[in-house]
Amino acid sequence: MDLNGVKMTTVDLNSDYWNTRYVQNKTGWDIGYANPIHINYVFDNIDKTARILIPGAGSGYELSILWDNGYINIFAIDLSEEARERFLSQHPLFPKDQYLVGNFFELDHKFDLILEQTFFCAIDPQLRNRYAEKTWGILNQNGKLFGVLFSVKFEVGPPFGGNIQEYENLFSSKFSILKLENCEDSISPRQGKEVIIELMKK
Ligand SMILES: C[S@@+](CC[C@H](N)C(=O)[O-])C[C@H]1O[C@@H](n2cnc3c(N)ncnc32)[C@H](O)[C@@H]1O
């Protein structure tokens, strides 16, 4: 399938697909450490009691650093049981019921902050409106969506890319755009390929 010139993968991006990627160690997106962009943002701006969600958290590096630093209301959700098991085996003291296995789009909890890191790019681009609606829907009043999004186009996805104009169109009816600009602090393999977003629920 071809969507705006981007070839769509022919597989279903379901839990089997993602779980198998972890089982077979085909996890090229996994940078192996917590992205400092997210950590610094939370340390500088977010109260320790805030309810924080990391959707599609995978190995959960940001999750463990924030937990270790007193952010006790931090939650993760991922379709992959294997990803969760790996995280919990490395972090046995992390509360098991705060790393959920399931579909982000079916989540029924409220948060003050959602941290975006290579989850948006992993979902079928046809679900992007649902992503905007869902993030809006599960944020508390004045809640924020913060993170990085790819600003390049990939030949085949996932990952699926995009650009600033597309993101502005997608989010501006539901969020006040506090920041949507080229990211200066990307990790080196992603330099020049990301935008940083800080969006507040309208
Ligand atoms: C590209 S990986 C990124 C993982 C992690 N954020 C990181 O940066 O290492 C995308 C993750 O999203 C998860 N995922 C994909 N679709 C999902 C959905 N609908 N609900 C929850 N998790 C999902 C996958 O299992 C996978 O762990």
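Just so you know, ligand 1 is whichever comes first in the structure, and atom 1 is the first atom listed for that ligand.
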Item to complete: Find all atoms of ligand 1 within a distance of less than 4.0 Å from any non-hydrogen atom belonging to Asn103, and give their numbers and elements.
Response: 18 (C), 19 (N), 20 (N)

Fill in: Distance filter under 4.0 Å to Tyr22 heavy atoms, resulting ligand 1 atoms
4 (C), 26 (C), 27 (O)

Worksheet item: Is there a path of hydrophobic side-chain contacts, each under 4.5 Å between heavy atoms of I, L, V, M, F, W or Y residues, that connects Leu53 with Phe119?
Response: yes

Worksheet entry | ILVMFWY cluster, Leu107 and Ile52 together (side-chain gap under 4.5 Å) | no

Any idea which protein heavy atom is nearest [atom], and the distance to it?
atom                    : value
atom 9 (O) of ligand 1  : Trp29 CD1, 3.2 Å
atom 7 (C) of ligand 1  : Thr118 OG1, 3.4 Å
atom 16 (N) of ligand 1 : Leu79 CD1, 3.5 Å
atom 25 (O) of ligand 1 : Asp78 OD1, 2.5 Å
atom 20 (N) of ligand 1 : Phe104 N, 2.9 Å
atom 15 (C) of ligand 1 : Trp18 NE1, 3.3 Å
atom 14 (N) of ligand 1 : Phe119 CE1, 3.8 Å
atom 12 (O) of ligand 1 : Gly56 CA, 3.4 Å

Worksheet item: Looking only at heavy atoms of Gly102, does any of them come nearer than 4.0 Å to an atom of ligand 1?
Response: yes

Practice prompt. Consider ligand 1: state whether an atom of it lies below 4.0 angstrom from any non-hydrogen atom of Ala83.
Written response: no

Discussion item. Tell me whether the rings of Phe75 and Phe111 are parallel (<30°), tilted (30 to 60°) or perpendicular (>60°).
Written reply: perpendicular

Worksheet item: Under 30°, 30 to 60°, or over 60°: which ring-plane class applies to Phe175 and Phe171, parallel, tilted or perpendicular?
Response: perpendicular

Discussion item. Tell me the contacting part of Pro158 for ligand 1: side chain, backbone, both, or neither, using a 4.0 Å heavy-atom threshold, strictly below.
Written reply: neither

Worksheet item: What part of Tyr61, side chain, backbone, both or neither, has a heavy atom within less than 4.0 angstrom of ligand 1?
Response: neither

Discussion item. Name the residue from Trp18, Phe120, Phe150 that meets the ring-ring contact (aromatic ring centres under 6.0 Å, His included) definition with Trp29.
Written reply: Trp18

Practice prompt. Please determine if Arg128 and Glu166 form a salt bridge, counting it only when a charged side-chain N lies under 4.0 Å from a carboxylate O.
Written response: yes

So does [Y] get a backbone contact from the side chain of [X], meaning a donor-acceptor N/O pair under 3.5 Å?
X      : Y      : result
Lys144 : Leu199 : no
Asp185 : Ile37  : no
Arg86  : Tyr22  : yes

Worksheet, complete the sentence: CD1 (Ile138) and CG (Asp108) are apart, to the nearest 0.5 Å, by 9.5 Å

Worksheet item: If you measure every N/O of Gln117 against every N/O of ligand 1, is any gap under 3.5 Å?
Response: yes

